[in-house]
Amino acid sequence: MNVPATPTADIAIPNQAVIGADKVDAASGKTFSCISPIDGRVLAEVAACDSEDVDRAVTAARAAFEAGKWANAAPRKRKAILLKLADLMAQHADELAMLETLDVGKPIRESGAVDIAGSIACLRWYAEACDKIYDELAPTGSRAVGMITREPIGVVGAVVPWNFPLLMAAWKFSPALAAGNSIILKPAEQSPLTALRIGELALEAGVPEGVFQVLPGLGETAGQAIGRHMDVDMVAFTGSTEVGKFFLRYSGESNMKHVSLECGGKKPNIVFADTPDLDQAAKEAALGIFYNAGQVCTAASRLMVEETIHDALLEKVVEIGKTMQPGNPLDEKTRLGPVVDQTQMERVLEYIDIGQSEGATLSLGGKRALADTGGTYVEPTVFDNVSNDMRIAQEEIFGPVVSTISFKDAEEALRMANDSMYGLEACVWTSDINKAHKMARAIKCGTVNVNCVDGGDITVPFGGYKQSGIGRDKSLHAFDKYSQLKTTWIQLS
Ligand code: NAP
Ligand code: MG
């Protein structure tokens with residue numbers, strides 16, 4: 001592999017928390033190493049915040065909230081400041097994309113076009129919504145006025161994962177800030193950099209101090225302290241189902257804070273023989289699992305194919321997979337970068353061993369790649385002859401590994417699609433509108449894509465059924481979780 005030098009020299013790597021109006025080290029002075037999966041190099045030693053820092057940030061967030069500079073500001077003022085932040089993000093888009101790629105190994109083309117552009121678009125959309133949402137009057141008759149108003153919920157903790165570091169944060173901070181809350185963002189240990197930079201830019205944009213704070217740190221310390229804090233009103237979490245359940249427990253054992261959870265998935269991508277376009281289905285099936293090295297909660301990780309087209313589809317998916325060999329993500333041509341770290345690589349390789357020992361057939365890949373670079377690359381991997389009860393069909397692998405499962409008819413496809421602890425997304429490829437609607441209604445999940453793999457935009461809600469989560473991100477519905485509903489009943493004499 002021709003590896004371009006990692007351009008860390010000409011870009012400042014943020015490494016301090018943003019608490020109040022200041023960039024600070026952790027109170028303990030502790031740090032953790034931020035490592036690039038591109039080549040294993042240490043990018044920075046980052047402040048390892050823990051409960052003392054969380055206390056400081058919550059105090060600042062509460063003070064800002066009660067002072068009302070943000071919460072009670074005219075919505076058009078909040079809109080103007082959030083749009084200013086979006087403009088600053090746009091001015092720094094190349095820098096943010098580079099930070100994201102260095103930090104988690106995403107292909108640079110995708111960091112810019114998807115993660116950073118998507119985060120900016122999300123923030124703009126919620127900023128615009130600030131002064132366009134009306135409250136309600138209840139149908140009381142003439143003897144009373146029943147006002148139903150939305151109030152910000154207060155101090156919000158956002159705990160997010162490493163697979164789309166800035167974008168998952170933006171899905172939280174954009175509606176939370178637009179609704180008038182103070183937010184404390186804890187990025188994942190593997191991916192603190194863009195969050196820290198956004199914290200700085202928020203202050204520059206004029207977000208009042210204490211309203212948008214960023215605390216890098218470990219899950220068990222900083223994350224848990226946010227989850228258990230008696231003065232945090234709500235936690236918005238994206239991450240694994242296992243840790244999502246911890247937040248429910250933290251809430252129950254502390255102040256019954258609201259908890260919204262966006263957790264794991266095991267998306268069934270169901271391709272019927274009457275798919276309108278087999279080539280398109282194959283292309284999206286491959287991109288749906290190899291995009292972001294498969295580290296996507298909505299990765300199309302179960303490829304379910306009607307048996308009459310099984311061989312034809314699989315051959316096409318394998319051919320596309322062969323063209324997506326891993327490479328340095330700083331190279332504009334690369335489509336498959338490393339997985340996020342050593343632990344994740346070992347986990348993915350272990351699942352590949354498990355799949356083989358369960359009796360699935362390897363049709364492509366299956367090994368580590370580019371080990372000499374010091375990076376954590378895994379080959380695009382396709383399993384065939386998978387049955388839905390195998391671990392590789394039930395558990396979230398979070399790597400570039402797809403499990404191909406054959407089915408006879410719609411009934412069998414539906415039964416297998418729903419035989420999962422997860423219910424985040426599904427896909428159905430068919431030319432039969434009746435079949436599409438029936439499947440869409442019967443699959444237990446938050447989003448069903450028909451004749452595409454990753455449909456949707458900021459205007460539609462996103463979230464899971466079953467153990468994929470509680471609550472919805474995106475769309476105007478996201479405001480529900482960042483708001484309290486207040487009833488004011490005025491009796492008229
Ligand atoms: P994770 O291990 O659950 O971590 C998510 C966040 O929780 C991180 O900030 C992590 O901090 C923190 N955390 C870990 N242990 C904690 C604890 N004991 N108490 C409090 N906080 C804790 O998930 P991940 O590995 O970063 O991300 C992959 C997962 O995210 C996958 O399961 C994927 O499906 C899911 N995901 C879901 C969506 C969705 O919208 N449904 C979107 C993207 C990803 P540290 O990393 O610093 O420990
Ligand atoms: Mg990193």
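Counting starts at 1 for both ligands and their atoms, following the listed order.
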**Q** Can a side-chain donor-acceptor contact be found between Gln467 and Thr241 if the only test is distance below 3.5 angstrom?
**A** no
**Q** Does a donor on one side chain sit under 3.5 Å from an acceptor on the other, for Asn269 and Arg302?
**A** no
**Q** Parallel under 30°, tilted from 30 to 60°, perpendicular over 60°: which one fits the rings of Phe212 and Phe173?
**A** tilted
**Q** CD1 of Ile320 to CZ of Arg335: how many Å apart, nearest 0.5 Å?
**A** 11.5 Å
**Q** So is there a nitrogen or oxygen of Cys263 less than 3.5 Å from a nitrogen or oxygen in ligand 1?
**A** yes
**Q** How far is atom 36 (N) of ligand 1 from its nearest protein heavy atom, and which residue and atom is that?
**A** Cys297 CB, 3.6 Å
**Q** Has Lys257 got its NZ or CZ under 6.0 Å from the middle of the six-membered ring of Phe247, at an angle within 45 degrees of the ring axis?
**A** no
**Q** Suppose I only count heavy atoms of Thr238 and a 4.0 Å limit; which atoms of ligand 1 are within that range?
**A** 5 (C), 36 (N), 37 (C), 38 (C), 39 (C), 40 (O), 42 (C), 43 (C), 44 (C)
**Q** Can you tell which of Gly219, Ala158, Pro192 gets a heavy atom nearest to atom 21 (N) of ligand 1?
**A** Gly219
**Q** When you measure from atom 35 (C) of ligand 1 to every protein heavy atom, which one gives the shortest distance, and what is it?
**A** Gly239 O, 3.1 Å
**Q** Look at atom 40 (O) of ligand 1 and find which of Gln344, Gln224, Glu262 reaches it with the closest heavy atom.
**A** Glu262
**Q** Can you find an N or O of Phe247 that's nearer than 3.5 Å to an N or O of ligand 1?
**A** no
**Q** Does the protein place any heavy atom closer than 4.0 Å to atom 4 (O) of ligand 1?
**A** no
**Q** Which residue owns the protein heavy atom closest to atom 2 (O) of ligand 1, what's the atom, and how far is it?
**A** Ser240 OG, 4.0 Å
**Q** Measure the distance from atom 11 (O) of ligand 1 to every protein heavy atom, then report the residue, atom name and distance (to 0.1 Å) of the closest one.
**A** Lys186 NZ, 3.0 Å
**Q** Which protein heavy atom lies closest to atom 44 (C) of ligand 1, and at what distance to 0.1 Å?
**A** Asn163 ND2, 3.2 Å
**Q** So, for Tyr422 and Tyr465, is the gap between ring centers shorter than 6.0 Å?
**A** no
**Q** Return the residue, atom name and 0.1 Å-rounded distance of the protein heavy atom closest to atom 19 (N) of ligand 1.
**A** Tyr250 OH, 2.7 Å
**Q** Would you say Glu189 has any N or O atom under 3.5 Å from an N or O of ligand 1, going by distance alone?
**A** yes
**Q** Would you mind finding which of Glu396, Arg228, Gln295, Lys474 brings a heavy atom closest to atom 34 (O) of ligand 1?
**A** Glu396
**Q** Using distance alone, with no hydrogens and no angle criterion, decide if Gln16 and Asp25 have a side-chain donor and acceptor under 3.5 Å apart.
**A** yes
**Q** Please find out if less than 6.0 Å separates the ring center of Trp162 from that of Phe398.
**A** yes
**Q** Using a strict cut-off of 4.0 Å, indicate which atoms of ligand 1 neighbour a heavy atom of Phe246.
**A** 17 (C), 18 (N)
**Q** How far is atom 26 (O) of ligand 1 from the closest protein heavy atom, and which atom is that?
**A** Trp162 CD1, 2.9 Å
**Q** Can you figure out which of Val235, Val159, Thr298 has its heavy atom closest to atom 12 (C) of ligand 1?
**A** Val159
**Q** Suppose we measure from atom 15 (N) of ligand 1 to each protein heavy atom; which comes out shortest, and what is that distance?
**A** Val243 CG2, 3.7 Å
